[in-house]
Amino acid sequence: MTQKQALLRKQLIIKIHTHPKYKELKNNEAWEDWLYVRYKEKSSGLLSISELEEILHIFSGRRNDRDFALIDPNREIIIKKGRLSFAQLQKIRIIKEELSWNDKDLEGFMTRMLKKSKALRELSIKEASKVIIGLEKTLKYKKSKGSGLNIFKVANNTEYKG
């Protein structure tokens with residue numbers, strides 16, 4: 001996200017939080033539910049720019065409200081400082097797909113790499129880099145052998161049919 005986009009997001013959030021409709025929802029303790037029904041999020045800080053603009057349009061009456069969720073596929077995951085970046089998360093997902101691994105395979109790999117069990121989104125920047133390097137080496141090995149990576153499958157995986 002560029003600095004201009006970050007500034008625009010902040011401005012949109014300020015406009016939303018100062019709008020009378022927001023204040024009404026917040027006073028009635030319905031804001032989080034209102035967001036969750038429409039965007040599957042409980043905080044406006046996690047929404048994309050287009051979703052924030054849509055909220056302002058709904059509040060101002062320029063767009064009809066709805067009672068179902070539509071999630072912007074371009075929504076970037078807003079991650080706390082010190083956590084893995086969006087680019088790192090995408091890189092891990094892409095390599096996971098290239099290796100034809102499921103989530104359980106990736107979890108087992110991360111546990112072996114980091115010597116502790118951790119959820120993907122809980123990784124630090126340093127841990128994510130370590131996992132990416134390991135995944136890239138595994139992918140390079142797979143491509144050089146030209147066969148499946150059955151030897152890298154989790155040993156305790158009861159669902160594994162290799």
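- Panel note: side chain R9, backbone L47; a donor-acceptor pair is recorded below 3.5 Å.
- Remark: H17 pairs with S44 by the side-chain hydrogen bond (donor to acceptor under 3.5 Å, both in side chains) rule, at least two apart or across chains.
- The structure places CD1 of I13 at 9.5 Å from CD1 of I49, a figure rounded to the nearest 0.5 Å.
- Around NZ of K21, the count of heavy atoms belonging to other residues, nucleotides or ligands within 6.0 Å does not exceed 12.
- Under the salt bridge (charged side-chain N to carboxylate O under 4.0 Å, His left out) criterion, K116 pairs with E127, not counting sequence neighbours.
- From I14, atom CD1 reaches atom NE2 of H19 across 15.0 Å, with rounding to the nearest 0.5 Å.
- Listed by first and then second residue, the salt bridge (charged side-chain N to carboxylate O under 4.0 Å, His left out) pairs that reach into residues 27-38 are K26-E32, D33-K42, R38-D65, sequence neighbours excluded.
- The NZ atom of K23 lies 6.5 Å from the OG1 atom of T18; values are rounded to the nearest 0.5 Å.
- Around CG of N64, the count of heavy atoms belonging to other residues, nucleotides or ligands within 6.0 Å does not exceed 12.
- Checked against the 6.0 Å centroid threshold, F59 and W34 count as a close aromatic pair.
- A search for side-chain hydrogen bond (donor to acceptor under 3.5 Å, both in side chains) contacts involving E98 returns nothing, not counting sequence neighbours.
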**Report entry** Criterion side chain to side chain donor-acceptor pair (under 3.5 Å) on E107 and S117, from CA distance to verdict
**Finding:** CA-CA 7 Å; E107 285 176 27; S117 182; 6.0 Å; no
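- Legend: residues meeting side-chain hydrogen bond (donor to acceptor under 3.5 Å, both in side chains) with D103, ordered by chain and number and at least two apart, are K96.
- Checked by atom type and distance alone, the side chain of E51 pairs as donor or acceptor with a backbone atom of S48 at under 3.5 Å.
- In terms of the ring-ring contact (aromatic ring centres under 6.0 Å, His included) criterion, H57 has no residue partners (sequence neighbours excluded).
- Looking at L114 and L123, their side chains come closer than 4.5 Å, going by heavy atoms from C-beta outward.
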